[in-house]
Amino acid sequence: MISPAEAHAPSKIIAMAIADPARPATDVALDATRQGAAIVAFSGASKGWKVGDLMQGSGYFTRLFVSVVGPKGHVYAWSPPEFIGAKKALYGDSLDTLSRDYPLALTPLRSTFADLAFPEPLDLVFQSQNYHDLHLKLLPADTAAKLNAVAFKALRPGGVYLVVDHISAPGDDTAPSRIHRIDPAVLRHEIEAAGFVFDGESSALRNPADDHTKHVFDASVRGHTDQMVYRFKKPG
């Protein structure tokens, strides 16, 4: 956890992470659209935190968290075989790259949804742009519930669960598989059902020009979809 003496300077810590010259150019190019500084700041992450990055993708946020938590913190990046098998470069190869780049600061995890566990209590569990995938037809219907339960168990009391995802129209149950979006009300209900308390949202990735009906890879909205950034806390 961040010390009282450092509590006044999280923005400086995050600015240093964004300015890290070791970041890949591909990550730097995404800063404007992914709003990395704002999202990490909203998570509250700082020096010494233990972070679980679920389905880390290319590792954009993973690298920022490694830098922010520092040598006294740790990051666990996890992807399940269902994702690695479908998109090896994005999930499996990314885990290999991250573990090579951060051999001491990061632990890669590969396990099924049912077998996911962390070796120590976490301060933050993070998901970006993949919660809707838990509702894909190829996965069991209770996948989201199981993963939310894992997140709840993994966090220390008072720990943060931060979820970022593409917004669908209200009541569109087909959106996760059809256009890779999810109804914010559904996401919030599911996470609260796991025992979490809603703790606020950030408008950093909101885009009122997105009408919530297009596929997230549609050229007219790709990289600029309307996204929710929801923060939950484990009571205690």
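Within 6.0 Å of atom CG in Asp218, more than 12 heavy atoms from other residues, nucleotides or ligands are found, so the atom counts as buried in its surroundings.
Ala204 meets the side chain to side chain contact (heavy atoms under 4.5 Å, CB included) test with Gln35, Ala38, Ile39, Ser202; sequence neighbours excluded. Listed by chain and number, the residues in a side chain to side chain contact (heavy atoms under 4.5 Å, CB included) with Pro21 amount to none (sequence neighbours excluded).
Residues Leu139 and Glu82 are in side-chain contact: their nearest non-hydrogen atoms beyond the backbone lie under 4.5 Å apart. Side chains of Gln127 and Met55 form a contact here, defined as non-hydrogen atoms less than 4.5 Å apart. Considering only heavy atoms from C-beta on, His224 comes within 4.5 Å of Thr33 through its side chain. For the pair Val51/Val69, a side-chain contact is recorded, criterion being any heavy-atom separation below 4.5 Å from C-beta on. Taking 4.5 Å as the limit, some side-chain heavy atom of Glu192 sits within range of a side-chain heavy atom of Phe232. The shortest distance between side-chain heavy atoms of Pro119 and Tyr76 falls below 4.5 Å. Counting only heavy atoms from C-beta outward, the side chains of Pro81 and Arg110 never approach each other to under 4.5 Å. Put simply, the side chain of Leu187 reaches to within 4.5 Å of the side chain of Val163, judged on heavy atoms.
Linking Ile, Leu, Val, Met, Phe, Trp and Tyr whenever their side-chain heavy atoms come within less than 4.5 Å leaves Phe217 and Val221 in two separate clusters. In the hydrophobic clustering of ILVMFWY residues, with side-chain heavy atoms under 4.5 Å counting as a link, Val229 and Leu30 come out together. At a threshold of 4.5 Å between side-chain heavy atoms, the hydrophobic network of Ile, Leu, Val, Met, Phe, Trp and Tyr places Leu134 and Ile167 in one connected group. Leu138 and Leu147 end up in the same hydrophobic cluster when Ile, Leu, Val, Met, Phe, Trp and Tyr side chains are linked at under 4.5 Å. Residues Ile179 and Val186 do not share a hydrophobic cluster, defined by chaining ILVMFWY side chains whose heavy atoms lie under 4.5 Å apart.
For His215 and His180, the ring centers are positioned less than 6.0 Å apart.
Taking each heavy atom of Ile18 and Gly36 in turn, the nearest pair found is CD1-C, 4.4 Å. Of all the heavy atoms in Trp49 and Gly44, the pair that sits closest is CZ2-O, 3.3 Å. Pro235 approaches Val197 most closely through the heavy-atom pair CG-CG2, 3.8 Å. Nearest approach of Ala175 to Ser168, heavy atoms of both residues: CB-CB, 3.5 Å. For Lys234 against Phe196, the heavy-atom pair with the smallest separation is N-CD2, 3.8 Å. Here the shortest heavy-atom pairing between Gly59 and Asp27 reads O-OD2, 4.2 Å.
Of the possible polar contacts, none joining the Ser203 side chain to the Arg206 backbone as a donor-acceptor pair under 3.5 Å is found. Checking side-chain atoms of Asp183 against main-chain N and O of Pro170 turns up no donor-acceptor pair under 3.5 Å. A donor-acceptor pair under 3.5 Å is formed between the side chain of Ser43 and the backbone N or O of Ala45. In terms of modelled atom types and a separation under 3.5 Å, the side chain of Trp78 and the main chain of Ser111 share a donor-acceptor contact. A side-chain donor-acceptor contact under 3.5 Å links Ser94 to the backbone of Gly57.
Using a cutoff of 4.0 Å between basic side-chain nitrogens and carboxylate oxygens, Asp165 and Arg181 are not scored as salt-bridged. Between Asp101 and Arg23 there is no salt bridge, since no side-chain nitrogen of the basic residue lies less than 4.0 Å from a carboxylate oxygen of the acidic one.
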With side-chain contact (heavy atoms from CB on, under 4.5 Å) as the criterion, how do Asn130 and Leu54 come out once you've worked through the C-alpha distance, each side chain's angles and the decisive distance to 0.1 Å? CA-CA 9 Å; Asn130 52 40; Leu54 305 184; 5.5 Å; no
Could you check Arg156 against Asp123 for salt bridge (charged side-chain N to carboxylate O under 4.0 Å, His left out), going step by step and ending with a plain yes or no? CA-CA 6 Å; Arg156 61 170 177 77; Asp123 298 288; 2.5 Å; yes
Test log, rule side-chain contact (heavy atoms from CB on, under 4.5 Å), inputs Leu95 and Ser79: CA-CA 8 Å; Leu95 280 178; Ser79 284; 4.1 Å; yes
Run the side-chain contact (heavy atoms from CB on, under 4.5 Å) test on Met228 and Val164 for me, step by step, so that the C-alpha distance in whole Å, both residues' side-chain angles and the decisive distance to 0.1 Å come before the verdict. CA-CA 6 Å; Met228 72 193 95; Val164 179; over 6 Å; no
Assess whether side-chain contact (heavy atoms from CB on, under 4.5 Å) is satisfied between His135 and Ser177, documenting all intermediate values. CA-CA 7 Å; His135 290 272; Ser177 289; over 6 Å; no
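Of the N and O atoms on the side chains of Asp53 and Thr62, at least one donor lies less than 3.5 Å from an acceptor on the other residue. A side-chain N or O of Asp172 and one of Thr174 form a donor-acceptor pair less than 3.5 Å apart. For the 3.5 Å distance criterion, the side chains of His74 and Thr107 qualify, holding a donor opposite an acceptor. Counting only N and O atoms by type, the side chains of Tyr131 and Asn148 include a donor and acceptor under 3.5 Å apart. Looking at His166 and Asp226, their side chains never bring a donor and an acceptor atom within 3.5 Å of each other. Side-chain polar atoms of Asp199 and Tyr230 form no donor-acceptor pair below 3.5 angstrom.
In this structure, Arg34 forms no cation-pi arrangement with Phe61, as its terminal cationic atom is not both closer than 6.0 Å to the ring centre and no more than 45° off the ring axis. By the 6.0 Å and 45° rule, Arg231 stacks over the aromatic ring of Phe42.
Among pairs with a residue in residues 127-144, those fulfilling salt bridge (Lys or Arg N to Asp or Glu O under 4.0 Å) read Asp142-Lys146, at least two apart in sequence or across chains.
Considering CD1 of Ile13 and OG of Ser46, their distance stands at 3.5 Å, rounded to 0.5 Å. Glu201 CD to Gln227 CD: the interatomic distance, rounded to the nearest 0.5 Å, is 13.0 Å. Residue Leu155 holds its CG atom at 11.0 Å from NZ of Lys233, rounded to the nearest 0.5 Å. Atom CD1 of residue Ile14 and atom CG of residue Leu64 lie 9.0 Å apart, to the nearest 0.5 angstrom.
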